[in-house]
Peer 1: 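Attaching a single structure in structure tokens format; questions to follow.
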Number of protein chains: 2
Amino acid sequence: MSALDDELDYQILTLLQKDGRMSFTEISKEINVAVSTIRHRYINLIEDGTLKIIGRVDPNKIGFNAYASILISVKPKSYMNTIFEALTKLPEISFLASVSGDFDIEANVMCRDMEHLNELIGEKIHVLEGVFDTKTNMYMKIYKFSQPDLELAKLSSKQNE
Amino acid sequence: MSALDDELDYQILTLLQKDGRMSFTEISKEINVAVSTIRHRYINLIEDGTLKIIGRVDPNKIGFNAYASILISVKPKSYMNTIFEALTKLPEISFLASVSGDFDIEANVMCRDMEHLNELIGEKIHVLEGVFDTKTNMYMKIYKFSQPDLELAKLSSKQNE
DNA sequence: TTAATTTTTTACAAAAAAAATAAAATGAGC
DNA sequence: GCTCATTTTATTTTTTTTGTAAAAAATTAA
């Protein structure tokens, strides 16, 4: 791929990042390239996993009022994998990752209310073998929730292709 | 809105959550309702902010290799607002919220590499008046990154409409 | 450099979907 | 039962997508 090719991908990604339903026709008008080219590029971006078009649902609007971060300390560490497996299945967990620092795992959870959150921690998380300690912090107000900035990304070359 | 109406909204949201580009025609076939109904519902969901269709770009694929959580302690607290204003503008920050617990603010950042992250913390965050202390933890491996579970949401009534 | 090969972009026609409009159905409140 | 407002539906026109194939550009090897 040449530098110019990537530029086209970035332009397509930039537009679709904002409006995932923008038609190929409109995109092609916006960046002056044939519709079929846009479509080819689009299909490639989807197929290699760079882009995914999703409907993002506002948690507040559908009744999730308790958004929290649960930090988990695992002992012994040999339980890490089974704990990740179990946690991945919990529908309340929207983000799950291993982290550096005082704890081993961070799980972000969306619950209906405090009762639901409390129940989740006590009955679904603390019961897992290997969960040594947890620390829960509430997200009180969300100020920003955005996508990766493509302008910043441009400064580096494409990775993991 | 009646109970059945909400059920239809949930069905539409469930489908679009998975594939944001699914055509109204296909949705209408899937849930046996006229295409025009689907479109009306869709427009309402978009307009009241419940749903937004976005293209999600995989950070790794575009060269972001350092994903971290930066916890910030603010002193005196009167600086909170100006700090939030300043942080919101930083393109590296993809998530920004006030949190309960030992720190006041959590910012999740996507950086190209450690150098970029280090620079961000030192030259963009620690320089802000009122930033008393920070704690940075790296997200090492992401196991799950999903949308709010609509099945769970169904158990509660719609809020904030 | 040239020729062959692959990749990328483009054009075009048929099929499908979206948009706009108006009509019918439903339901809440009186 | 009637009225008003909302929701669903049907229909027609316009636009978009899809599939195929050809042109152009880039890459590779001789």
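Proteins come first, then strands; the chains are lettered A, B, ... in the order of their sequence lines, and each starts at number 1. Because only heavy atoms are used, hydrogens play no part in the values below, and waters and symmetry mates are left out as well, while side chains stay in.
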Peer 1: Quick one: which residue pairs count as a salt bridge (Lys or Arg N to Asp or Glu O under 4.0 Å) with a foot in residues 82-91 of chain A, not counting sequence neighbours?
Peer 2: none

Peer 1: Does anything in residues 72-83 of chain B pair up under salt bridge (Lys or Arg N to Asp or Glu O under 4.0 Å), and if so which pairs, sequence neighbours excluded?
Peer 2: B:Lys77-B:Asp104

Peer 1: For A:Gln147, check side-chain contact (heavy atoms from CB on, under 4.5 Å) against everything at least two apart and list the hits.
Peer 2: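 side-chain contact (heavy atoms from CB on, under 4.5 Å) list for A:Gln147, sorted by chain: A:Gln17, B:Ile54, B:Arg56.
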
Peer 1: With rounding to the nearest 0.5 angstrom, report the CD1 to CG distance, A:Ile62 to B:Asp6.
Peer 2: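 Reported value, rounded in 0.5 Å steps: 11.5 Å.
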
Peer 1: Using the C1' atoms of the five pairs at each end, what is the angle between the end axes of the helix from C:dT1-D:dA30 to C:dC30-D:dG1, to 10°?
Peer 2: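 Nearest ten degrees gives 40° for this helix.
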
Peer 1: Between atom CD1 in B:Ile38 and atom P in D:dA10, what is the gap in whole Å?
Peer 2: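 After rounding, the reported distance stands at 13 Å.
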
Peer 1: Could you give all pairs that pass the salt bridge (Lys or Arg N to Asp or Glu O under 4.0 Å) test and reach residues 128-141 of chain B, with sequence neighbours left out?
Peer 2: A:Asp102-B:Lys135

Peer 1: From the list D:dT17, D:dT9, C:dT9, which nucleotide is the closest neighbour of the side chain of B:Ala34?
Peer 2: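 Nearest nucleotide to the side chain: D:dT9.
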
Peer 1: Rounded to the nearest Å, what distance is computed from the CG atom of residue B:Asp48 to the P atom of nucleotide D:dT6?
Peer 2: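 That distance rounds to 15 Å.
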
Peer 1: Output every pair passing side-chain hydrogen bond (donor to acceptor under 3.5 Å, both in side chains) with a member in residues 90-100 of chain B, not counting sequence neighbours, ordered by first then second residue.
Peer 2: B:Glu92-B:His116

Peer 1: Could you check which residues of residues 22-33 of chain B get a heavy atom under 4.0 Å from DNA chain D? Sort them by number, please.
Peer 2: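 Of all residues in residues 22-33 of chain B, the ones placing a heavy atom under 4.0 Å from DNA chain D are B:Val33.
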
Peer 1: To the nearest angstrom, how far is B:Asn44 atom CG from D:dT6 atom C1'?
Peer 2: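 Atom CG in B:Asn44 sits about 10 Å away from atom C1' in D:dT6.
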
Peer 1: How would you list, by chain and number, every residue that makes a ring pair (Phe, Tyr, Trp, His ring centres under 6.0 Å) with A:Phe24, sequence neighbours excluded?
Peer 2: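 Only A:Tyr42 meet the ring pair (Phe, Tyr, Trp, His ring centres under 6.0 Å) criterion with A:Phe24.
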
Peer 1: Restricting both atoms to N or O, compile the protein contacts to nucleotides 20-22 of chain C shorter than 3.5 Å, with distance only.
Peer 2:
none

Peer 1: Considering residues at least two apart in sequence or located in another chain, which fulfil the side-chain contact (heavy atoms from CB on, under 4.5 Å) criterion with B:Glu123?
Peer 2: B:Glu119

Peer 1: How many whole angstroms separate atom CZ of A:Arg41 from atom P of C:dT7?
Peer 2: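 My rounded result for the distance is 14 Å.
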
Peer 1: Taking the six-membered ring for Trp, are B:Tyr139 and A:Phe95 closer than 6.0 Å centroid to centroid?
Peer 2: yes

Peer 1: In chain order, what residues pass the side-chain contact (heavy atoms from CB on, under 4.5 Å) check against A:Asp58, with sequence neighbours excluded?
Peer 2: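 A:Asp58 satisfies side-chain contact (heavy atoms from CB on, under 4.5 Å) with A:Asn60, A:Lys61 only.
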
Peer 1: Could you tell me how far apart B:Ile53 (CD1) and C:dA18 (P) are, to the nearest whole angstrom?
Peer 2: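 Interatomic distance, CD1 of B:Ile53 to P of C:dA18: 12 Å.
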
Peer 1: Taking salt bridge (Lys or Arg N to Asp or Glu O under 4.0 Å) as the cut-off, I'd like each qualifying pair that reaches into residues 17-36 of chain B, sequence neighbours left out, listed once.
Peer 2: none

